[in-house]
Asks: 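One structure, pasted below without further comment.
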Amino acid sequence: MADCLFCRIIAREIPATIVYEDERVIAFNDINPQASTHVLVVPKQHIETLNDLSPAHDAIVGEVVRRAAAIAKERGVSAGGFRTVFNTNRDAGQTVFHIHLHLIGGRSLAWPPG
Ligand code: 5GP
Ligand code: ZN
């Protein structure tokens with residue numbers, strides 16, 4: 001997807017601070033971090049929203065979630081706790097239409113979210 005920001009990061013057309021990468025998943029620091037750890041865990045496959053998921057995506061979604069937990073452990077925020085969020089469409093404030101799991105940790109987080 002030539003006009004997708006995260007596809008362009010995956011293609012190295014736009015720089016990012018990449019903290020993890022394999023054949024299927026990439027993770028990089030959010031440009032506007034909301035906590036000391038704010039990593040976006042992204043499937044390399046372009047999927048616009050969670051509304052577009054099918055059973056064929058179950059494995060990649062599982063990989064993204066497990067990778068977020070692994071990065072949280074590396075960052076030392078597993079025991080204290082962390083938040084993982086997929087925003088979907090307007091009411092949730094989705095701005096990049098390539099699914100991504102926000103991994104946010106390193107401080108106490110309020111609940112419910114705004
Ligand atoms: P959304 O609002 O779609 O759930 O999350 C999009 C996230 O992407 C936001 O937290 C925003 O700060 C981040 N973001 C937007 N543009 C860039 C960019 O060019 N580089 C990086 N690393 N993050 C970005
Ligand atoms: Zn994309």
Side-chain angles (χ1 to χ4, degrees):
M1 290 287 290
D3 59 348
C4 169
L5 176 64
F6 288 172
C7 283
R8 295 188 69 194
I9 287 175
I10 291 162
R12 301 295 200 280
E13 293 170 10
I14 294 174
T17 303
I18 295 167
V19 301
Y20 178 83
E21 183 171 24
D22 63 27
E23 306 79 46
R24 294 172 302 280
V25 175
I26 192 167
F28 47 86
N29 288 335
D30 196 293
I31 205 167
N32 182 25
Q34 301 302 309
S36 55
T37 290
H38 188 170
V39 173
L40 302 174
V41 187
V42 182
K44 289 189 171 177
Q45 184 178 358
H46 180 87
I47 305 164
E48 289 195 5
T49 79
L50 294 199
N51 293 332
D52 302 301
L53 291 176
S54 72
H57 297 118
D58 286 358
I60 188 61
V61 172
E63 283 190 45
V64 164
V65 174
R66 286 202 310 113
R67 183 53 52 191
I71 295 169
K73 190 171 184 185
E74 279 170 23
R75 298 293 180 92
V77 300
S78 290
F82 58 89
R83 184 161 296 160
T84 40
V85 176
F86 287 104
N87 291 320
T88 299
N89 280 344
R90 181 192 59 234
D91 281 355
Q94 185 176 5
T95 58
V96 178
F97 288 83
H98 178 139
I99 65 169
H100 49 282
L101 184 56
H102 293 258
L103 163 62
I104 301 169
R107 66 175 172 85
S108 181
L109 298 163
W111 190 264

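These values consider heavy atoms only, across backbone and side chains, with no hydrogens, waters or symmetry-generated copies. Atoms within each ligand, like the ligands themselves, are counted from 1 in listed order.
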Asks: Provide, to 0.1 Å, the distance between atom 22 (N) of ligand 1 and the closest protein heavy atom, together with that atom's residue and name.
Replies: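 The closest heavy atom on the protein side is N29 O, 2.9 Å.
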
Asks: Mind checking whether H38 has an N or O less than 3.5 Å away from an N or O of ligand 1?
Replies: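 In fact, backbone or side chain, H38 has no N or O that close.
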
Asks: Can you name the N/O/S atom of H46 that is nearest the Zn ion (ligand 2)?
Replies: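 Output for this pair reads ND1.
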
Asks: How far is atom 1 (P) of ligand 1 from the closest protein heavy atom, and which atom is that?
Replies: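 Checked against all protein heavy atoms, atom 1 (P) of ligand 1 sits closest to H100 NE2, 3.2 Å.
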
Asks: Please report which non-hydrogen protein atom sits nearest to atom 3 (O) of ligand 1, along with the residue it belongs to and the distance in Å to one decimal place.
Replies: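 Sorting protein heavy atoms by distance from atom 3 (O) of ligand 1 puts T95 N, 2.8 Å first.
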
Asks: How are the rings of H102 and H38 set to each other: parallel, tilted or perpendicular (split at 30° and 60°)?
Replies: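 Correct class here is tilted.
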
Asks: When you measure from atom 14 (N) of ligand 1 to every protein heavy atom, which one gives the shortest distance, and what is it?
Replies: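 Sorting protein heavy atoms by distance from atom 14 (N) of ligand 1 puts I31 CG2, 3.7 Å first.
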
Asks: Pick one of side chain, backbone, both or neither for how F6 approaches ligand 1, counting any non-hydrogen atom pair under 4.0 Å.
Replies: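 It is the side chain that touches ligand 1; the backbone stays farther off.
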
Asks: What N, O or S atom of H98 is found closest to the Zn ion (ligand 2)?
Replies: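 The atom in question is ND1.
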
Asks: Please confirm whether A16 comes within less than 3.5 Å of ligand 1 when only nitrogen or oxygen atoms on both sides are compared.
Replies: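 Min N/O separation from ligand 1 is not below 3.5 Å for A16.
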
Asks: Judged on heavy-atom distance to atom 11 (C) of ligand 1, which of D30, L101, I99, I14 sits nearest?
Replies: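 Checking each option, the heavy atom nearest atom 11 (C) of ligand 1 is found in D30.
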
Asks: Starting from atom 16 (N) of ligand 1, which protein heavy atom do you reach first, and at what distance in Å?
Replies: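 For this ligand atom, the closest protein heavy atom is L5 CD2, 3.3 Å.
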
Asks: If the cut-off is 4.0 Å to any non-hydrogen atom of N87, which atoms of ligand 1 fall inside it?
Replies: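 Reading through ligand 1 atom by atom, the close ones are 4 (O).
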
Asks: For H98 versus P43, what's the shortest heavy-atom pair and its separation?
Replies: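 Where H98 meets P43 most closely, the heavy atoms are NE2-O, 2.7 Å.
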
Asks: So is G93 polar-close to ligand 1, meaning N/O to N/O under 3.5 Å?
Replies: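 The answer is yes, given that G93 and ligand 1 share an N or O pair closer than 3.5 Å.
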
Asks: Given that the side chain starts at C-beta and the backbone is N, CA, C, O, which of these parts of Q34 lies under 4.0 Å from ligand 1, counting heavy atoms, or is it both or neither?
Replies: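 No part of Q34 comes within reach of ligand 1.
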
